[in-house]
There are 2 protein chains.
Amino acid sequence: MMDAADWAVVRRSTMFRTTDEAKLRDIIGDRSPRTHPRGQVLFLQGDHIDGLHLVVSGYVKLFRQTEDGADAIVGIHGPGQSFGETAALLATPAHATAETISEARILTIDAERLRTRLGADPDLAFAMLASASMHLRSMVDELERLKGLPGPRRVAGFLCDLAGLDEGSAAFDLPYEKSLIAGRLGMTPESFSRALAKLRDRGVTIDREHVRISRVENLRDFFEGEAA
Amino acid sequence: MMDAADWAVVRRSTMFRTTDEAKLRDIIGDRSPRTHPRGQVLFLQGDHIDGLHLVVSGYVKLFRQTEDGADAIVGIHGPGQSFGETAALLATPAHATAETISEARILTIDAERLRTRLGADPDLAFAMLASASMHLRSMVDELERLKGLPGPRRVAGFLCDLAGLDEGSAAFDLPYEKSLIAGRLGMTPESFSRALAKLRDRGVTIDREHVRISRVENLRDFFEGEAA
DNA sequence: CGACTACTTGAACAAAATCAAATGGGGTGG
DNA sequence: CCACCCCATTTGATTTTGTTCAAGTAGTCG
């Protein structure tokens with residue numbers, strides 16, 4: 001079932017943060033999050049998807065397999081984020097494969113039901129539109145980073161986002177494996193490792209998955225393009 | 001004013017292709033496309049935007065200026081495509097600068113009016129949601145290409161898209177300057193030029209802006225990862 | 001005709017990928 | 001409990017790819 005913590009995540013999710021509680025309960029119906037072990041494939045590229053997937057806890061990676069075997073990570077979604085919106089809403093085949101990269105609890109919202117509510121409720125549609133727009137915007141940002149910035153800067157940006165602070169020191173754990181982070185940032189694990197090494201003399205300490213940043217503002221300056 | 005050809009473009013636009021004619025006329029109101037000379041800045045990153053911009057003819061580039069002076073091209077929009085949706089709908093500042101890269105006719109749809117119609121009309125909201133989703137999807141594709149593929153392959157993909165065919169031979173003109181295409185594909189003009197040269201022995205002929213592809217399926221195979 | 005611009009080409013250089021090997025936990029079975 | 005293995009990560013050496021800087025070519029427009 002869905003406990004208070006779960007419910008809080010759903011309420012504050014990107015997709016539904018502006019949706020009022022009664023409506024949200026109605027949309028969800030009697031569904032509750034389902035727990036998946038790490039490494040479980042939720043759907044395959046090309047599958048028909050029955051609903052919108054909302055991550056309640058854990059992480060899911062979305063990737064596309066290219067002809068030559070390598071897979072390109074298209075996104076990694078954590079608590080409060082959703083995926084499969086397009087496929088569910090438009091009833092088109094999934095355009096990436098989804099696989100859990102940690103134990104994860106996923107709430108699946110029935111596509112048919114969502115479509116009905118959407119048709120009846122302009123506010124909801126508007127909220128989702130806003131959410132999609134923000135998603136689009138973040139995608140554009142990522143595109144820009146990927147194009148313009150050298151590896152270490154991208155890593156710096158990623159760490160700053162994780163820190164969630166603008167200044168001072170921060171300590172946190174990496175949310176998932178380094179090789180996956182590397183893939184998400186569009187580089188190889190080796191390059192990622194070297195990039196981290198380069199950030200060491202900018203006040204970033206890495207021990208296993210534990211990260212400490214002495215002065216976030218320093219790192220952000222570097223990310224945004226200060227001189228060495 | 002808006003002639004039949006203009007109207008056809010708007011009707012088939014990504015955003016409004018599923019909207020019925022009466023509603024569309026109502027949304028547009030008495031506005032008509034405005035002609036802009038090449039190189040005109042439509043709005044600046046950070047500006048407040050009064051409406052959604054729909055390209056009727058010509059091309060517009062969207063780019064962001066990075067701290068270090070260089071500008072990253074975030075998208076190039078041609079006939080039937082729209083931009084500024086997010087900023088207009090959510091009344092947030094524009095997050096990129098828009099500049100025409102050819103003479104262009106742009107239809108601006110009043111944001112306030114759009115919001116009202118959207119609230120009153122679930123079908124319209126749904127259509128826009130679908131459009132946003134597709135946009136998102138194309139963004140993801142682009143992200144994937146950019147991450148995974150070496151230059152020449154990206155160029156091959158771009159050319160295949162332009163060809164609009166799956167097989168046989170194709171001949172067309174590049175829609176805008178090569179240096180801009182290069183920027184869009186995340187590379188320098190020099191690299192783009194060299195990439196084109198490499199595609200020559202795969203049946204691609206370039207003369208000025210005229211392109212001829214002898215066998216599109218060959219090129220697509222290469223793009224998708226065949227051996228040399 | 002001449003200057004401008006876009007594009008191409010070349011050479012040196014920098015960044016990142018690849019290949020290969022070493023390190024170091026964490027977990028398993030004895 | 002300990003030895004051992006497995007796997008993620010790091011590190012090193014090498015090669016590929018793409019950028020930068022510089023020069024040359026060609027088409028265009030005044």
Side-chain angles (χ1 to χ4, degrees), chain A residues 37-39 59 61 66 68-73 101-102 145-156 158-159 173-201 204-211 222 225 227-228, chain B residues 37-39 59 61 66 68-73 101-103 145-156 158-159 173-201 204-211 222-223 225 227-228:
Chain A
R38 173 197 162 122
Y59 288 89
K61 81 168 169 181
T66 55
D68 48 10
D71 47 340
I73 295 185
I101 57 176
S102 69
R145 284 190 196 182
L146 212 54
K147 273 208 266 226
L149 304 180
R153 302 251 304 263
R154 289 207 294 277
V155 175
F158 181 77
L159 292 180
D173 289 357
L174 296 175
Y176 37 83
E177 288 168 23
K178 290 182 183 172
S179 56
L180 285 168
I181 300 178
R184 182 160 151 56
L185 296 176
M187 57 178 86
T188 60
E190 293 95 322
S191 296
F192 178 69
S193 181
R194 288 185 238 269
L196 281 181
K198 277 190 188 154
L199 294 179
R200 239 185 302 261
D201 37 305
V204 178
T205 322
I206 312 276
D207 172 37
R208 194 79 186 130
E209 77 266 20
H210 310 294
V211 182
F222 170 64
Chain B
R38 173 198 162 120
Y59 288 89
K61 80 168 168 183
T66 56
D68 46 10
D71 48 340
I73 295 186
I101 57 176
S102 68
E103 178 170 296
R145 285 188 194 183
L146 212 54
K147 272 210 265 227
L149 305 180
R153 302 250 306 261
R154 290 207 294 278
V155 175
F158 181 78
L159 292 180
D173 289 358
L174 296 175
Y176 37 83
E177 287 169 25
K178 290 183 184 173
S179 56
L180 285 168
I181 299 177
R184 182 157 152 57
L185 296 176
M187 58 178 88
T188 60
E190 294 94 323
S191 295
F192 179 68
S193 182
R194 288 186 240 269
L196 282 180
K198 277 190 187 155
L199 294 179
R200 244 190 294 264
D201 37 305
V204 179
T205 322
I206 312 277
D207 172 37
R208 196 76 188 133
E209 77 266 21
H210 309 295
V211 181
F222 170 64
F223 160 52

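Computed from a predicted model, the values in this text were never measured in an experiment. Below, chain A is the first sequence line, B the second, and so on; all start at residue 1.
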- Note on the structure: Against the side chain of A:Glu177, the closest entry in C:dT9, C:dA17, D:dT9 is D:dT9
- Item | Shortest side-chain distance from B:Arg38, nucleotide among C:dA16, D:dT9, C:dA6 | C:dA6
- Task: Look at the side chain of B:Arg194 and the base of D:dT20, then say whether one donor and one acceptor between them are separated by less than 3.5 Å.
- Result: yes
- Message: Just so I know, are the side chains of B:Phe158 and B:Arg184 near enough to count as touching, which here means a heavy-atom distance under 4.5 Å?
- Response: yes
- Message: Is A:Ser193 close enough to D:dT10 that one of its side-chain N or O atoms is under 4.0 Å from OP1 or OP2 there?
- Response: yes
- Message: Tell me if a side-chain donor or acceptor on A:Arg145 pairs with a main-chain N or O of A:Arg154 at a distance below 3.5 Å.
- Response: no
- Item | Check: A:Ile73 main-chain N/O paired with B:Lys147 side-chain donor or acceptor under 3.5 Å | yes
- Any side-chain heavy atom of A:Leu159 sitting closer than 4.5 Å to one from A:Leu174? yes
- Closest to the side chain of A:Glu190, out of C:dT8, D:dT11, D:dC21, is D:dT11
- Hey, is the side chain of A:Arg208 pairing donor to acceptor with the base of C:dG24 inside 3.5 Å? no
- Task: For A:Pro150, answer base if it contacts any base atom (sugar-phosphate contacts may also be present), sugar-phosphate if it contacts only those atoms, and nothing otherwise; contact means non-hydrogen atoms under 4.0 Å.
- Result: sugar-phosphate
- Message: When the axes are fitted on five pairs at both termini, how much does the helix from C:dC1-D:dG30 to C:dG30-D:dC1 curve, in 10° steps?
- Response: 30°
- Considering only C:dG10, C:dT18, C:dC7, which nucleotide approaches the side chain of A:Thr188 most closely? C:dT18
- Could you give the CD-to-C1' distance, from A:Glu209 to C:dG26, as a whole number of Å? 12 Å
- Message: Is there a side-chain contact between A:Lys198 and A:Val155 in this structure, where contact means two heavy atoms from C-beta onward sitting under 4.5 Å apart?
- Response: no
- Message: Quick check: do A:Leu199 and A:Ile206 have side-chain heavy atoms less than 4.5 Å from each other?
- Response: no
- Query: Base, sugar-phosphate alone, or nothing: which one does A:Ser179 contact when heavy atoms must sit under 4.0 Å apart?
  - Reply: sugar-phosphate
- Task: Round to the nearest Å and state the distance from A:Ile206 atom CD1 to D:dT11 atom P.
- Result: 11 Å
- Message: Assess whether a salt bridge exists between B:Glu177 and B:Arg38, defined as any Lys/Arg side-chain N lying under 4.0 Å from an Asp/Glu carboxylate O.
- Response: yes
